[in-house]
Amino acid sequence: LQVRSEVVAFSVPSYACQRRIALDHHNTVLADALSLLAENAELSDEDGRGVAFRRAAAVLKALPRQVTSMAQLKGLPCLGGHSLRVIKDVLDNGASDEVESTKRSERYKALKVLTGIFGVGAKTAARWISEGIHTLQQLQASGHTLNRAQQAGLEHYDDLNQPVTKAEADAIGEIVEKAVVSVLPGAQVTLTGGFRRGKLAGHDVDFLITHPEEGREEGLMPKVVSWLVKQGFLLYQKTTRNSYLESKDGPAQPPSNIDRFERCFSIFKLEKQATKQAEMPEDSCSFGTGGLCRRPAGHKPWRAVRVDLVVSPVSQFAFALLGWTGSKLFERELRRWAGYEKAMSLSSHALYDNNQGRYLRAASEEEIFAHLGLEYIPPSERNA
Ligand code: GTP
Ligand code: MN
Ligand code: MN
């Protein structure tokens, strides 16, 4: 109401799911600095610290103008001492020492290279680093037995570390659509993940599949996958069965981001003619991704792309759509809001009201936001 000094402090609601965060915002330098520290924490298996930095970055992304002084940040939520030190460093010196030294550190670089292999998480990478393995060459020389996912990840390393474009996502969408309607006419495919939020590039492509008649979607995934295999579209796939059972006494499983839909982690073989080859020259090779370039990437007429497929019964579709659209922080904040502020349990399957002792149905994302007492935020503004 009143302006007491020349500096007007910004104001932002506590939960990221209460804010509209578009892809473009006014504080990319600061948010990038904090996001790098978040990534480093996650790669170091320190999820608590990772979330703290992600939350701080999401506050900066929501501000209506560029931050120019620390005074503007007074009273903002989610900005802990560590994040404030990083912000001050960037405002005073143009960069944060901690961020710059993290980027240069051998450990961070090795974690990036090794977790860049599909199927390798922070724990496995840390174990290898403790054995002195920092590069793909050292990993190959070590004689470690890799699982099927990791073998595929290594084989397609350069392709999988090159961002997927929207044009490529659309080309894969057409293939998935064709596969799905071939095995089950009337089934519907929806692009989710970062591309649904309007991103122009991503690390993979995410699709949600359903059928308007409840139950018709059962057993759909294996049929879709075998159609794709027969047509030669899959370089790798791992399908897991649906294991979700709604219980009458409440959430069958503790709500978490691990869901129980029929799903398939895959690597697609995408013909290059299928998309417009705008920026990438034919013989280019991504040297930046760990320095291993077994074979120039441009000399084959296709590229490997990570694709996630999920099948949902139509009764759970709105929850699945909300859960698979992201961002990851936005999802986490929705669940935190539901639990702490509303005594509800939100998952990608359902919303359970602990006070009423019953599930709340929803046929659209809008209805879920309404159940949660939140203003509706469209996908393009869920980029927390
Ligand atoms: P990029 O792929 O990096 O462009 O970003 P993205 O936002 O699409 O990330 P990602 O593909 O990793 O995940 C998309 C959404 O699906 C995010 O909101 C995740 O939280 C969600 N997600 C990923 N894995 C799972 C899972 O196993 N279960 C559930 N319920 N959601 C998941
Ligand atoms: Mn994605
Ligand atoms: Mn994904």
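These numbers come from a predicted model, not from an experiment. If you read the sequence from its start, that first residue is 1, and numbering goes on from there. Both ligands and their constituent atoms are indexed starting at 1 by order of listing.
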Got a sec, which pairs hit salt bridge (charged side-chain N to carboxylate O under 4.0 Å, His left out) with one end in residues 320-332, sequence neighbours left out?
none

If you measure from each non-hydrogen atom of Asp206 to ligand 1, which part falls under 4.0 Å: side chain, backbone, both or neither?
side chain

Test of understanding: with side chain to side chain contact (heavy atoms under 4.5 Å, CB included), list the residues that count as partners of Ala71, not counting sequence neighbours.
Val7, Ser69

For Asp92, look at atom CG and say whether over 12 heavy atoms of other residues, nucleotides or ligands are found less than 6.0 Å away.
yes

Please determine if Asp308 has a nitrogen or oxygen closer than 3.5 Å to a nitrogen or oxygen of ligand 1.
no

Audit row: Asp89, Arg85, salt bridge (Lys or Arg N to Asp or Glu O under 4.0 Å) steps and yes/no
CA-CA 6 Å; Asp89 218 6; Arg85 279 201 304 282; over 6 Å; no

For His144, the side-chain hydrogen bond (donor to acceptor under 3.5 Å, both in side chains) test, sequence neighbours excluded, returns Glu131

A student checking ligand 1 against His203 at a 4.0 Å heavy-atom cut-off should list atoms 1 (P), 2 (O), 3 (O), 4 (O), 11 (O), 12 (O)

When only distance counts, is Gly202 in polar contact with ligand 1, meaning an N/O pair under 3.5 Å?
no

Note: heavy atom closest to atom 32 (C) of ligand 1, options Phe265, Phe261, Trp324, Phe319, belongs to Trp324

Return all protein N, O or S atoms below 2.8 Å from the Mn ion (ligand 2), chain by chain in residue order.
Asp204 OD1, Asp206 OD2

Once you restrict to heavy atoms under 4.0 Å, what part of Glu331 touches ligand 1? Side chain, backbone, both or neither.
side chain

Quick check: does Gly326 get an N/O under 3.5 Å from an N/O on ligand 1?
yes

Atom NZ of Lys109 with >12 non-hydrogen neighbours under 6.0 angstrom
yes

N/O to N/O below 3.5 Å, does that happen between Thr325 and ligand 1?
no

